[in-house]
Amino acid sequence: MYGKNSNAGKYYNINGIKLYVEEYGTGKPLLMIHGNGGDMSAFTDNVPYFAKKYRVILVDSRAHGKSADASDSLTFEQMADDFAALLDTMHIPKAHVLGWSDGGINALLMAIRHPEKVISLAATGANITPDSTAFAGDLWKESQQQYNENKNTVWKTPAERNSWKIFLLDWNQPNIKLEQLQQIKCPALIIAGDHDVIADAHTRLVQKNIPGSELWIVKNSSHSTLIEHAAEFNKKVDQFFSR
């Protein structure tokens with residue numbers, strides 16, 4: 001349903017592309033940002049809960065879902081700037097931000113680059129570097145193998161080129177410095193599963209460097225905290241935003 005609801009959907013011209021947005025509910029604005037290779041339907045288990053008391057803004061990120069982007073490269077900074085510009089275009093002074101995975105990275109960068117736009121943020125499964133220290137298990141080695149096998153491939157179709165572009169986004173980025181995290185002023189809740197693809201030590205490093213932030217390690221959870229433990233996740237994040 002989410003991502004395919006023409007009654008709730010609308011395109012906005014943002015930074016040279018059309019960003020696809022759906023809105024649900026009323027109240028304080030809450031921007032939800034999905035992960036790499038996904039789209040707004042990632043929040044299927046969260047929107048009904050939050051739409052009871054928030055104005056939920058779902059968006060397909062640049063080069064994802066219905067937000068096509070023909071350019072040959074992509075950065076997290078560019079995406080964070082898209083979301084800030086979107087809020088401006090929608091005449092929304094500031095919003096709560098909930099981000100999952102790449103969306104969590106975007107939430108952090110919004111708070112760094114556009115602090116006036118973020119009331120508070122919750123980021124689950126977010127990393128700040130693209131190296132082996134950020135990932136648990138063999139994930140980084142698998143990505144390295146995929147990169148080495150495909151780096152000289154000439155992609156033929158727009159879909160293939162887009163898919164490689166969003167792979168490279170996570171292979172080369174993000175590159176957020178600890179000093180940048182230390183500048184974040186808004187309340188921040190840093191979340192990860194207890195067997196997330198993001199290394200536990202990395203998640204704790206992120207949280208430790210954001211002044212006054214809180215850490216929540218979700219028990220018996222992988223990277224998909226907001227799906228696997230939706231009821232608990234919704235309640236806890238709502239309580240955090242409501243303070």
Side-chain angles (χ1 to χ4, degrees), residues 2 8 10 12 14-15 19-35 40 42-43 45-62 76-126 128 174 176 179-192 203 206-216 218 225-226 230 232-243:
Y2 302 113
K10 188 176 172 184
Y12 290 89
I14 305 291
N15 296 336
L19 274 190
Y20 180 70
V21 174
E22 290 182 5
E23 286 193 71
Y24 298 92
T26 55
K28 279 259 176 80
L30 169 54
L31 176 67
M32 294 188 178
I33 312 175
H34 64 78
M40 63 177 65
F43 296 101
D45 297 328
N46 316 106
V47 176
Y49 178 96
F50 284 99
K52 289 177 187 154
K53 58 189 283 193
Y54 297 88
R55 176 185 176 184
V56 175
I57 301 150
L58 296 177
V59 56
D60 282 349
S61 302
R62 176 184 286 261
F76 282 112
E77 288 77 10
Q78 184 182 27
M79 295 164 95
D81 292 352
D82 285 345
F83 301 126
L86 174 67
L87 293 178
D88 276 340
T89 304
M90 296 176 77
H91 306 293
I92 296 170
K94 53 170 68 174
H96 295 289
V97 182
L98 169 59
W100 176 23
S101 198
D102 277 18
I105 298 167
N106 282 313
L108 294 174
L109 278 169
M110 278 185 79
I112 291 164
R113 294 169 72 83
H114 306 279
E116 74 289 348
K117 288 277 166 223
V118 184
I119 303 168
S120 59
L121 74 88
T124 185
I128 59 165
I176 301 171
E179 299 79 64
Q180 290 176 282
L181 291 182
Q182 291 156 12
Q183 294 162 12
I184 293 177
K185 300 279 192 288
C186 69
L189 176 61
I190 303 302
I191 308 164
T203 298
V206 171
Q207 185 270 322
K208 197 174 78 174
N209 280 278
I210 301 175
S213 64
E214 296 179 25
L215 177 70
W216 179 30
V218 185
T225 51
L226 70 176
E232 186 187 8
F233 185 95
N234 294 340
K235 192 173 167 190
K236 184 124 177 172
V237 171
D238 174 31
Q239 285 171 344
F240 180 77
F241 285 158
S242 298
R243 275 192 229 154

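These numbers come from the heavy atoms of this one structure, side chains and all, not from hydrogens, waters or symmetry mates. Worth saying up front: this structure is predicted, and the values here are computed from it rather than measured.
- Looking at every heavy atom in both residues, Ala188 comes nearest to Ile210 through CB-CG2, 3.9 Å.
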| request: Please lay out, stage by stage, how Met32 and Val56 fare under the test side-chain contact (heavy atoms from CB on, under 4.5 Å). | output: CA-CA 7 Å; Met32 294 188 178; Val56 175; 4.0 Å; yes
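- You'll find the side chain of Met40 reaches within 4.5 Å of the side chain of Tyr20, heavy atoms only.
- Asp81 and His114 share a side-chain donor-acceptor pair at under 3.5 Å.
- For the pair Phe233 and Thr124, the minimum side-chain heavy-atom distance is below 4.5 Å.
- Ser213 places none of its side-chain heavy atoms less than 4.5 Å from the side chain of Leu189.
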| field | Derivation of the side-chain contact (heavy atoms from CB on, under 4.5 Å) call for Trp216 and Glu232 | value | CA-CA 12 Å; Trp216 179 30; Glu232 186 187 8; 3.6 Å; yes
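- Separating the CE atom in Met90 from the OH atom in Tyr12 is a distance of 4.0 Å, to the nearest 0.5 Å.
- A donor-acceptor pair under 3.5 Å is absent between the side-chain atoms of Asp238 and the main chain of Asn234, judged by distance alone.
- With respect to the salt-bridge test (charged N to carboxylate O, under 4.0 angstrom), the residues Arg55 and Glu23 qualify.
- Results of the side chain to side chain contact (heavy atoms under 4.5 Å, CB included) test with Val21 over Asp60, Ile57, Ile14 single out Ile57 as the only residue that passes.
- For the pair Ile176/Leu181, a side-chain contact is recorded, criterion being any heavy-atom separation below 4.5 Å from C-beta on.
- In this structure, OG on Ser242 lies 12.0 Å from NZ on Lys235, to the nearest 0.5 angstrom.
- From Phe50, atom CZ reaches atom OH of Tyr24 across 16.0 Å, with rounding to the nearest 0.5 Å.
- Contact annotation: the side chain of Asp45 never approaches that of Leu226 to less than 4.5 Å [non-hydrogen atoms, C-beta and beyond].
- Between Asn209 and the choices Gln182, Gln180, Gln183, the side-chain hydrogen bond (donor to acceptor under 3.5 Å, both in side chains) rule is met once, by Gln182.
- In this structure, Leu109 CG and Phe83 CZ are separated by 10.5 Å, a value rounded to the nearest 0.5 Å.
- Between Val97 and Phe241, the shortest heavy-atom contact is O-CZ, 3.6 Å.
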| said: Walk me through whether Ile119 and Lys28 qualify under side-chain contact (heavy atoms from CB on, under 4.5 Å). | reply: CA-CA 10 Å; Ile119 303 168; Lys28 279 259 176 80; 4.0 Å; yes
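- Taking the side chain as every heavy atom from C-beta outward, Trp100 and Ile33 never approach each other to under 4.5 Å.
- Closest heavy-atom contact between Ile112 and Pro115: O-CD, 3.8 Å.
- Across every non-hydrogen atom of Ser61 and Met79, the tightest pair is CB-CE, 3.7 Å.
- Looking at heavy atoms from C-beta onward, Glu116 lies out of side-chain contact with Pro93 at the 4.5 angstrom threshold.
- Residues Leu31 and Leu58 form no side-chain contact, since every pair of their non-hydrogen atoms from C-beta on lies 4.5 Å or further apart.
- For the atom pair CZ (Arg113) and CG (Leu108), the distance works out to 13.0 Å, reported to the nearest 0.5 Å.
- Across Phe43 and His34, no two heavy atoms sit closer than the pair CE1-N, 3.5 Å.
- Separation of atoms CD1 (Ile184) and CE (Met110) is listed at 11.5 Å; rounding is to 0.5 Å.
- In terms of heavy-atom proximity, Ser101 sits nearest to Gly35 at CB-CA, 4.1 Å.
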